[in-house]
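Per chain, numbering begins at 1; letters A, B, ... match sequence-line order.
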Number of protein chains: 2
Amino acid sequence: MTLRYGLLGLLAEGPASGYDITKRFQETLAAVWPASHPQIYRELSRLSEDGLIEVHTTGPRGRKEYKITDSGLKEVKNWLANSSVDHIIRSESLIRSFFFWLIEPEEVLKHLQAEEKYFASQATFYEGYAAAKDRGEFGTSKQTESARITVEAAARLNRSLAEWAKWSQEKLNHK
Amino acid sequence: MTLRYGLLGLLAEGPASGYDITKRFQETLAAVWPASHPQIYRELSRLSEDGLIEVHTTGPRGRKEYKITDSGLKEVKNWLANSSVDHIIRSESLIRSFFFWLIEPEEVLKHLQAEEKYFASQATFYEGYAAAKDRGEFGTSKQTESARITVEAAARLNRSLAEWAKWSQEKLNHK
DNA sequence: AAGCGCATGTAAAGGGTTACATGATTGC
DNA sequence: GCAATCATGTAACCCTTTACATGCGCTT
């Protein structure tokens with residue numbers, strides 16, 4: 001159901017087509033909830049069937065702009081305010097660490113170095129994004145303020161995983 | 001494919017039945033990669049078909065103990081050493097934050113308080129677990145050392161999300 | 001007129017959850 | 001004898017990914 005609410009949330013900002021939303025998802029939400037275009041188009045059809053969104057305008061090349069309906073807006077708000085949070089997190093990166101004992105320490109170190117580099121570069125990216133938002137480069141709308149909070153989480157998560165990878169290397173070296 | 005390698009990894013420690021592995025998954029890997037028993041039984045059948053594991057002994061109540069084969073062991077090791085890491089992380093908790101602007105600040109604060117509490121309690125749990133491991137309560141095997149690294153990640157992740165939730169509340173209050 | 005990017009979709013296959021179902025053994 | 005727990009599985013459904021498919025519009 002999460003994708004459903006993600007789409008409603010994006011449409012709450014204003015009308016958009018499946019294509020627009022796909023791009024928006026890639027740009028902003030891919031870090032916390034990836035979604036591919038077939039999935040998005042299908043879910044938009046369902047939302048439309050259920051009356052939570054409706055076709056606003058049609059453009060060239062069969063472009064369909066969707067608009068959120070009143071019941072759709074009610075639905076997202078209710079999700080945000082009253083539903084319980086699903087805390088499940090899956091990380092291939094972390095499950096791998098559980099099995100490090102199966103390979104040679106040198107290979108583990110090599111792996112952890114690459115992981116540290118990856119997470120650090122991600123963290124740096126989000127930290128820079130956060131700083132730009134703080135300088136006001138994306139305006140001061142409510143939406144921007146919420147996005148700032150999400151970016152903070154992405155930055156912190158990646159930074160702490162980078163530090164974890166570093167800590168793990170030290171742990172392996174000192175014994 | 002990740003579940004597949006997770007099962008092979010657990011079986012690399014020694015023979016176990018689907019039931020045993022389900023429990024083991026619940027206890028140790030649920031934090032980083034949840035798996036339900038139907039999924040596990042199905043994957044074990046496939047692994048057996050593919051010759052990566054084999055039935056070792058059969059016990060009471062149709063209990064089947066599986067044992068990893070040489071090619072199975074080769075397969076996990078190869079996964080760990082040579083395959084590229086999938087860094088995708090999905091978090092409903094974080095995608096929600098992107099849409100905070102849709103609800104009242106008081107509701108956001110209430111929500112963030114609950115989130116902070118949840119993540120902090122998880123963090124405390126894993127930190128305690130890590131401390132127990134450091135006191136040697138789980139022995140000093142290679143497996144324990146790897147698990148220690150995974151637990152460290154779980155602790156850090158949850159701690160940083162708890163801090164993020166706290167930071168977000170302050171951010172909302174100071175403006 | 002050719003090629004690129006816009007824009008929308010379908011199809012197939014696999015991953016994952018939830019509910020249902022069954023029977024055996026152990027402990028009280 | 002009864003209840004709890006062990007132990008395995010099937011079925012139905014939904015979510016997600018990857019590959020395939022198509023046609024329009026703009027730019028060069």
Side-chain angles (χ1 to χ4, degrees), chain A residues 1-8 10-11 15-27 29-50 53-66 79 83-92 95, chain B residues 1-8 10-11 15-27 29-50 53 55-66 79 83-84 86-92 95:
Chain A
M1 289 287 94
T2 308
L3 174 63
R4 191 179 185 83
Y5 296 116
L7 296 176
L8 285 174
L10 287 183
L11 285 170
S17 69
Y19 189 81
D20 298 336
I21 293 212
T22 302
K23 273 202 301 183
R24 197 93 217 285
F25 239 94
Q26 247 57 296
E27 287 161 10
L29 294 172
V32 293
W33 200 277
S36 57
H37 83 265
Q39 215 188 334
I40 289 171
Y41 282 113
R42 180 150 52 87
E43 196 60 43
L44 287 173
S45 304
R46 285 182 192 163
L47 282 165
S48 185
E49 269 176 42
D50 295 346
I53 63 177
E54 60 192 18
V55 176
H56 182 228
T57 54
T58 52
R61 280 165 288 201
R63 177 190 165 91
K64 272 181 282 183
E65 265 201 339
Y66 289 100
W79 171 65
S83 75
S84 63
V85 182
D86 177 359
H87 286 109
I88 290 177
I89 287 185
R90 274 196 169 78
S91 163
E92 205 206 89
I95 194 176
Chain B
M1 290 288 94
T2 308
L3 174 64
R4 191 178 184 85
Y5 297 116
L7 296 176
L8 285 175
L10 287 183
L11 285 171
S17 70
Y19 189 80
D20 297 337
I21 293 212
T22 302
K23 273 201 301 181
R24 198 92 217 285
F25 240 93
Q26 248 55 298
E27 287 161 10
L29 294 172
V32 294
W33 201 277
S36 58
H37 82 265
Q39 214 188 335
I40 288 170
Y41 282 114
R42 180 156 40 98
E43 197 57 47
L44 286 173
S45 304
R46 286 180 193 163
L47 282 165
S48 185
E49 269 175 43
D50 297 345
I53 63 176
V55 176
H56 181 228
T57 54
T58 52
R61 282 166 286 206
R63 177 191 166 90
K64 271 181 283 181
E65 267 201 339
Y66 289 99
W79 171 65
S83 75
S84 63
D86 178 358
H87 287 108
I88 289 176
I89 288 184
R90 271 196 170 80
S91 164
E92 204 204 90
I95 194 175

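For the pair A:Asp86 CG and D:dC15 C1', the computed distance is 13 Å after rounding to whole Å. Between the C1' atom of C:dT10 and the CD1 atom of A:Ile40 lies a distance of 16 Å, rounded to the nearest Å. For the pair B:Arg63 CZ and C:dT25 P, the computed distance is 13 Å after rounding to whole Å. Atoms CD (B:Glu92) and P (D:dT16) sit 11 Å apart, rounded to a whole Å. The NZ atom of B:Lys23 sits 12 Å away from the P atom of D:dT5 (whole-angstrom rounding). Taking atom CG of residue B:Leu44 and atom C1' of nucleotide D:dT10, one finds them 16 Å apart after rounding to whole Å.
Remark: the backbone N or O of B:Ser17 is paired with a side-chain donor or acceptor of B:Asp20 at under 3.5 angstrom.
Between B:Thr22 and B:Tyr19, the closest side-chain pair of non-hydrogen atoms is not below 4.5 Å. With a 4.5 Å cut-off on side-chain heavy atoms, B:Ser91 and A:Trp33 do not count as touching.
Residue contacts shown for B:Thr22 are absent, as no nucleic acid heavy atom lies under 4.0 Å away. Residue contacts for B:Ser45: at a heavy-atom cut-off of 4.0 Å it reaches no nucleic acid atom on any strand shown.
Residue B:Tyr41 places no side-chain N or O under 4.0 Å from the OP1 or OP2 atom of D:dG9. Note on A:Tyr19: every side-chain N or O is 4.0 Å or more away from OP1 and OP2 of C:dT8.
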Salt bridge (charged side-chain N to carboxylate O under 4.0 Å, His left out) between B:Asp50 and B:Arg4, worked out: CA-CA 11 Å; B:Asp50 297 345; B:Arg4 191 178 184 85; 2.5 Å; yes
B:Glu65 vs B:Leu11, side-chain contact (heavy atoms from CB on, under 4.5 Å): CA-CA, chis, key distance, verdict: CA-CA 10 Å; B:Glu65 267 201 339; B:Leu11 285 171; over 6 Å; no
Residues B:Arg46, B:Glu49; criterion salt bridge (charged side-chain N to carboxylate O under 4.0 Å, His left out); working and verdict: CA-CA 5 Å; B:Arg46 286 180 193 163; B:Glu49 269 175 43; over 6 Å; no
Protein-to-nucleotide contact annotation, 5' to 3' order, nucleotides 11-22 of chain C [B base; S sugar-phosphate only; - none; under 4.0 Å, heavy atom]: ----SBBBB---
